[in-house]
Structures are given as C-alpha cells and as structure tokens.
Amino acid sequence: MKILVCISHVPDTTSKINFKENDTKFDANGVQFVINPYDEFSLTRAMWFKEKQGATVTVVNVGNATTEPTLRKALAIGADDAIRVNTEALDGFLVAKQIAEVVKKGDYDLVLAGRESIDYNGGMVPGMLASILDFNFVNGCIGLEIDGDAATASREIDGGNEKISTNLPLIIAGQKGLVEEKDLRIPNMRGIMMARKKPLSVIEPVEVSSQTATTSFEKPAAKGAVKLVDADNVDELINLLHNEAKVI
Amino acid sequence: MSVLVFADSSEGKFKKSAFEVVSYGKKIAEQLGSNVVAVTINVADASELYTYGAEKVVSVSNDQITTFNAKAYASVLKQIASKENASAVIIDSSIDGLYLAPMVAVNLEAGYASNVVALPSSTSPFTVKRKAFSNKAFSNTIISTDVKIIGLAKNSFGVHENPVSGTTESFDAQITDADLGVKSVSVDKATGKVTIADADIVISAGRGLKGPENWGMIEELAEVLGAATACSKPVSDLGWRPHGEHVGQTGKPVASNLYIAIGISGAIQHLAGINASKVKVVINTDPEAPFFKAADYGIVGDAFEVVPTLIEKLKAFKQS
Ligand SMILES: Cc1cc2nc3c(=O)[nH]c(=O)nc-3n(C[C@H](O)[C@H](O)[C@H](O)COP(=O)(O)OP(=O)(O)OC[C@H]3O[C@@H](n4cnc5c(N)ncnc54)[C@H](O)[C@@H]3O)c2cc1C
Ligand SMILES: Nc1ncnc2c1ncn2[C@@H]1O[C@H](COP(=O)(O)O)[C@@H](O)[C@H]1O
C-alpha cells in the first residue's frame with residue numbers, strides 16, 4: 001500500500017493572531033508553526049499501517065520553502081520521504097489540484113489528510129481532491145482499517161458515529177479518534193537525525209488558477225466586560241438571561 | 001439563474017439549519033435578482049420551506065439514499081444545479097454539509113467558501129465574510145468563479161420567516177454505483193438527546209468538576225434547559241465523558257445561543273471553539289480564570305453549590 005499524507009503547516013494553537021499590511025496578510029512574526037493537529041492523527045495512523053502492514057508513507061505539502069521544517073518533522077516522526085510542491089497555497093482548490101497531480105504520478109492508493117487546517121479552516125482540500133480524482137472519501141474519520149482493497153471506517157456524525165465500508169483508492173480526512181491522543185508521536189533524537197538524510201523533493205506546480213482570494217482579515221469586535229452575579233444571587237442570573245440576553 | 005439551497009433533513013424531517021439556509025438563500029436571491037430553489041432528499045412534505053421564502057422546492061425521493069451519502073448527494077445537487085441554472089449553491093457548514101460541499105464545488109467547477117457568517121458584502125466581486133483561525137478572526141473572501149458555493153455557519157444568519165406560496169416539483173435523480181462507493185453500515189447515535197450541533201443551549205463542564213461521578217448535576221441542568229452537554233478536552237481525554245462531547249479548537253465547534261461553562265478555565269484552545277456562541281456564562285471558583293474575560297455573565301463560586309441552586313431556581317422559573 002502506498003500512502004500519501006497531506007501536511008498543512010499552521011500556527012500553533014496558542015498563537016495570538018495578528019495581521020499586517022492593512023489587515024491583508026497574516027503576520028507570522030513570532031508565531032511558531034506546527035503540523036496541523038488533524039494531520040498528526042492521520043500521520044500517526046499512517047505509521048501504524050507502515051509498521052503493521054508494510055505500507056510506504058510519503059508526506060506532501062503545497063507551500064513555499066518556509067514549510068520545510070514542518071515536513072522534516074513529519075519525516076522525523078517516521079515518514080519515508082517528503083514532497084513539497086513549490087507554490088503558494090492560495091486556496092483549497094489550488095492545493096487539491098496540486099496534490100491530485102502528486103497522487104496520479106505516485107500511484108498512491110490511500111491519501112490521509114486532516115478534517116481542516118486550523119488556520120483558514122476551509123475543510124476543502126480532501127473532499128475536492130476526492131472529487132478531482134474520483135476516489136472514495138470519508139470525512140471526519142475516527143477509525144480506519146484496511147484489508148487488501150477493502151476499508152472499514154467510522155466517521156463522526158451529529159450526536160454519534162457511523163460505520164462505513166468502502167474501497168481503495170480512498171481519501172480520508174481524519175481527526176482525533178483515528179488514533180488516540182496518547183499515541184501521537186513526538187520526534188526523538190534518532191528520528192531527527194534520520195530525517196536529515198531522508199529525501200525531500202521539491203517539485204514545480206502544475207498551472208492552476210485559484211477560485212477564491214482573501215482580500216482582508218478582521219478580528220472579532222471587542223467584547224464588553226463580564227457582568228458578575230453574586231453566587232448567592234442565582235435568581236439575578238436567571239433574570240439577566242431571561243430579560244436581558246433573552247436566551248432562556 | 002437561481003440560487004439553490006440544500007435543505008438538509010434526517011429521517012424525513014428538516015433540520016433547523018434547513019430553515020436558516022433557506023432564509024439566507026432567499027436574501028441572496030434578492031441581492032442577485034434571482035429566485036431561490038430548495039432541494040430536499042427523501043422528505044415527504046416540503047411545504048414547511050415555503051414559510052422561509054422557498055418559492056420552489058425540488059424534491060428527490062430515492063431509496064438508494066435513505067441516509068446521508070456525501071458523494072451521491074453531491075451528484076444529485078449537481079444534476080439539479082445544472083437543470084436550474086444555479087449561480088449559487090448554499091449548504092450548511094454542519095458535519096454533513098462540510099463533507100458534501102467541496103464535492104459539489106468540484107462537480108460544478110465552482111469556488112467554495114465554508115463557514116460563512118453573513119450575507120455577501122458585495123455581489124461583484126462576490127465577497128463573503130467567513131470564520132478563520134478557529135474563530136480568532138474572520139476573512140473577507142472573494143469567490144471569482146461563475147458559480148459560487150457557500151457553506152453557511154450555524155446560527156450566523158438566523159431563521160427568518162418570509163412566507164410565499166411555493167410549489168414542489170419532484171426530480172428523478174440518477175445515481176450510479178460509483179456514487180455509492182462509500183456505504184453506511186450502521187449508525188450509533190444516542191436517541192432522545194439534544195446534540196451539540198442542534199442545541200440552542202449547551203452546558204459544558206471541565207476539570208473543575210473533579211470526577212465523572214459529578215456529572216449528574218450537569219445532565220440535570222441540561223435537561224431542565226433542553227440543552228446539550230459538552231466538556232473540555234482533558235475531561236474527554238481522561239475518559240470522564242465521551243469524545244463526542246469534547247468541544248474547542250480541536251473538538252466540536254459550538255455556535256449556540258447560550259453556552260454555560262462550569263469549572264472550565266477558558267484556555268485559548270477551548271475558547272476558540274466556543275466563541276461563536278452568542279451568550280456565554282461562566283461559573284468558576286477562580287476569579288482570575290481567563291474565561292471571565294470571554295464571558296458575558298459570570299459567577300465566581302463553587303460549582304457544587306451554584307449548580308444545584310441554579311437547577312432548583314430554573315425549575316421554579318420554568319413553572320412560573
Ligand atoms: C494542541 C492543543 C489543542 C487543544 N484543544 C482543546 C480543545 O479543543 N478544547 C479544550 O477544551 N481544550 C483544548 N486544549 C487544552 C487546553 O489548553 C486546556 O488544557 C483545557 O481546555 C483545560 O480544561 P479545563 O478548563 O477543563 O481544566 P483546567 O484548566 O484544569 O481548569 C479547571 C477550572 O475549574 C475551576 N474549578 C475548580 N474547582 C471548581 C469548582 N468546585 N467549581 C467551579 N470551578 C472550579 C478552576 O478554577 C479552573 O479554572 C488543547 C491543548 C492543546 C495543546
Ligand atoms: N498546503 C497544503 N499542503 C498539503 N496539505 C494540505 C494543505 N492545505 C491543506 N492540506 C490538507 O487538507 C486538510 C484540510 O485542509 P483545509 O481544506 O485547508 O482546511 C489539511 O488537514 C491537510 O491534510
């Protein structure tokens with residue numbers, strides 16, 4: 001089995017979000033970048049397929065050279081090789097088109113991605129990729145087993161989960177549950193040393209135009225101060241929620 | 001030209017989001033000078049949608065898709081969008097909507113913006129405001145393709161009545177074997193419980209509750225208010241509560257009218273996922289807990305005292 005894991009390079013979850021150039025660009029100054037948390041679940045599941053079922057694991061990112069440390073981190077966790085498609089990730093469609101080319105050239109039969117990137121929160125790439133390639137697709141995946149060509153998966157649904165049967169070739173957008181949090185791997189020294197020698201190939205993009213463009217960013221409006229209610233005066237809270245906020 | 005909205009349903013009944021997308025679609029249709037067409041799948045009587053402005057409903061009945069199937073639904077929407085010459089397609093950004101919409105987008109060679117929170121600020125260029133950076137910001141995004149796909153974030157536009165005398169047409173959708181490549185085997189779902197996605201009120205508790213044995217009062221409070229229950233990440237990691245209740249940046253998003261956080265400190269990753277809720281209440285012993293900065297109302301106090309009192313008083317309030 002040839003697995004491709006899509007890695008998006010995102011600000012750490014604790015980052016303060018700021019913009020520059022008149023709120024038209026994200027200000028990366030002082031921001032720590034990490035593997036998108038959802039992609040970590042997928043990468044860890046891919047390592048399991050590698051160790052237990054002899055799969056090979058390639059990681060891919062569509063982005064400029066600044067994303068390479070993130071790809072190296074994925075190699076240190078255990079991926080065999082990495083590909084960077086050398087172009088700005090302008091929108092989900094453009095990224096999906098670039099990854100589709102990588103899938104076709106490399107004949108991957110399983111693509112693992114994340115439910116969404118925690119920066120632009122598009123949730124677009126995996127579904128678009130599936131439609132471009134006409135592969136099967138499971139979104140919000142919280143469990144995956146592969147046996148030959150057959151796959152059984154589960155996905156989160158509103159208020160529960162759904163068991164699914166499908167076949168390779170397959171695209172998966174994973175989240176917590178695909179592996180448990182405690183099983184996520186932190187690169188160790190040996191992994192980091194080995195990652196330096198693993199191949200990271202930079203390939204040029206195919207020509208695609210993006211379909212959407214971000215023109216500016218805004219921060220949510222500043223919130224008024226909290227109204228404190230005395231712990232002995234719960235009636236007042238009920239009164240405020242009923243008469244002022246009108247939510248009960 | 002028309003604006004197509006997908007009015008999602010479950011077991012033949014419309015989800016609340018269906019009325020919100022129809023309300024929104026109606027307004028966009030006015031902006032664009034076109035009409036709104038709602039699509040339903042396996043709903044016997046769609047006339048409820050007329051109340052929210054759907055002049056026309058295209059109704060699909062097909063026993064190959066009695067439960068949600070993203071690829072097959074995407075194919076149905078493509079067929080109808082082509083027939084109705086749709087210039088925009090509106091889908092809710094729910095778990096199922098987020099699964100479906102990117103596939104519809106590729107099928108229709110349309111640009112897609114998810115988690116949109118308002119009407120387009122301009123229709124030329126077509127510009128929408130959407131959530132980004134896990135609720136820490138918004139981005140104004142231009143969709144430059146002829147056909148636009150909009151994923152509407154829950155509770156961002158609201159349900160607005162706009163009664164019209166509508167008509168329903170049935171449509172015979174073609175579904176191929178390839179469309180059914182992903183099959184549902186079984187569904188495991190708590191019955192009779194309000195889900196976080198559907199709930200107007202969410203009661204959420206954190207590590208401050210000390211242990212799973214203390215959740216009785218949380219469930220009781222939720223029951224009194226007809227609310228869903230949720231929890232912080234460590235609570236589900238510790239196995240005190242099911243994973244499905246974990247809310248926050250890496251859990252489920254919450255966009256309810258009221259969010260009550262009990263014994264939750266208000267870490268940035270927690271707040272990111274619940275910030276879209278309209279009114280936030282915090283109950284915490286520590287007046288310095290960061291949640292007080294994000295909340296509208298707060299009580300500095302011990303959950304084990306405040307919550308039982310709250311339950312009692314709410315019961316009395318509900319009766320009066
Ligand atoms: C990559 C990453 C992703 C994350 N994603 C999420 C996420 O999606 N969702 C999430 O929730 N967290 C997430 N976290 C974890 C987050 O950083 C916090 O650790 C977590 O939210 C804290 O949970 P808590 O508030 O329940 O617990 P604590 O921080 O331990 O807070 C407990 C609170 O209870 C109060 N308390 C104690 N006793 C009482 C009492 N008797 N009555 C009332 N109050 C009391 C305390 O004052 C305290 O404020 C993430 C972390 C990382 C690193
Ligand atoms: N620039 C990128 N390079 C590689 N994979 C990506 C990129 N952007 C998104 N992805 C993958 O697609 C998933 C969903 O991302 P998004 O559609 O941006 O929310 C992520 O979790 C990644 O697995």
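Heavy atoms only: backbone and side chains are in, while hydrogens, waters and symmetry mates are out. Lettering follows sequence order; numbering is per chain, from 1.
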Of all of [options], which one pairs up most often with chain B through heavy atoms under 4.5 Å apart?
options: Gly224(A), Pro220(A), Gly123(A); result: Pro220(A)
options: Phe135(A), Phe93(A), Phe137(A); result: Phe137(A)
options: Ser131(A), Gly140(A), Ala245(A), Gly160(A); result: Ser131(A)
options: Asp232(A), Ile142(A), Asp91(A), Thr214(A); result: Thr214(A)
options: Lys246(A), Glu181(A), Lys163(A); result: Lys163(A)
options: Ser154(A), Ser165(A), Ala225(A), Ser210(A); result: Ser165(A)

Main-chain N/O of [Y] paired to [X] side chain as donor or acceptor, under 3.5 Å:
X: Asp188(B); Y: Asn161(A); answer: no
X: Asn121(A); Y: Phe133(B); answer: yes
X: Ser144(B); Y: Gln211(A); answer: yes

So which of [options] has the largest heavy-atom pair count under 4.5 angstrom toward chain A?
options: Ser186(B), Ala294(B), Ala316(B), Ala267(B); value: Ser186(B)
options: Val282(B), Thr67(B), Val182(B), Leu225(B); value: Val182(B)
options: Gly301(B), Ser256(B), Ser10(B), Ser184(B); value: Ser184(B)
options: Gly298(B), Ala132(B), Pro287(B), Gly151(B); value: Gly298(B)
options: Ala110(B), Ala272(B), Ser93(B), Pro125(B); value: Ala110(B)
options: Asn257(B), Leu310(B), Val306(B); value: Leu310(B)

Is it true that atom [atom1] of [X] has more than 12 heavy atoms of other residues, nucleotides or ligands lying nearer than 6.0 Å?
X: Lys193(B); atom1: NZ; value: yes
X: Glu109(B); atom1: CD; value: no
X: Asp146(B); atom1: CG; value: no

Chain B contact via Gln175(A) - side chain, backbone, both or neither, heavy atoms under 4.5 Å: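 Neither the backbone nor the side chain of Gln175(A) comes within 4.5 Å of chain B.
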Side chain, backbone, both or neither of Ser209(A) within contact of chain B (heavy atoms, under 4.5 Å):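 Interface part for Ser209(A): neither.
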Look up atom [atom1] in [X] and atom [atom2] in [Y], then write down how far apart they are to the nearest 0.5 Å.
X: Glu116(A); Y: Asn115(B); atom1: CD; atom2: CG; answer: 7.0 Å
X: Ile157(A); Y: Phe68(B); atom1: CD1; atom2: CZ; answer: 10.5 Å
X: Leu98(B); Y: Met124(A); atom1: CG; atom2: CE; answer: 11.0 Å
X: Leu314(B); Y: Ile238(A); atom1: CG; atom2: CD1; answer: 4.0 Å

Is [Y] close to [X] at the side-chain level, that is, under 4.5 Å between some pair of heavy atoms?
X: Phe317(B); Y: Ile248(A); answer: yes
X: Phe138(B); Y: Lys219(A); answer: no
X: Asn139(A); Y: Met103(B); answer: no
X: Phe291(B); Y: Val226(A); answer: no
X: Val279(B); Y: Leu241(A); answer: yes
X: Thr212(A); Y: Tyr112(B); answer: no
X: Lys183(B); Y: Ile164(A); answer: no

Salt-bridge contact [X]-[Y] (side-chain N to carboxylate O under 4.0 Å):
X: Lys189(B); Y: Glu162(A); value: no
X: Lys176(A); Y: Asp237(B); value: yes
X: Lys136(B); Y: Asp119(A); value: no

Structural part of [X] lying under 4.5 Å from a heavy atom of chain A:
X: Lys131(B); result: backbone
X: Ser75(B); result: neither
X: Ile143(B); result: both
X: Val104(B); result: neither
X: Ala295(B); result: both
X: Ile142(B); result: both
X: Lys148(B); result: neither
X: Ala101(B); result: neither
X: Asn135(B); result: backbone

Stepwise side-chain contact (heavy atoms from CB on, under 4.5 Å) check, Asn136(A) with Lys71(B): CA-CA 8 Å; Asn136(A) 291 321; Lys71(B) 197 173 179 190; 4.1 Å; yes
Closest non-hydrogen atom pair between Ala231(A) and Val300(B), with its separation: CB-O, 3.7 Å
Thr195(B) and Asp158(A): CA distance, side-chain angles, deciding distance, side chain to side chain donor-acceptor pair (under 3.5 Å) verdict: CA-CA 7 Å; Thr195(B) 64; Asp158(A) 190 18; 3.0 Å; yes
Residues Thr215(A) and Asn140(B): side-chain donor-acceptor under 3.5 angstrom: no
Chain B neighbours within residues 6-28 of chain A, where any heavy atom lies under 4.5 Å away: Pro11(A), Thr13(A), Thr14(A), Ser15(A), Ile17(A), Phe19(A), Phe26(A)
Salt bridge (Lys or Arg N to Asp or Glu O under 4.0 Å) assessment of Glu156(A) paired with Lys252(B): CA-CA 10 Å; Glu156(A) 181 162 65; Lys252(B) 280 206 176 67; 3.1 Å; yes
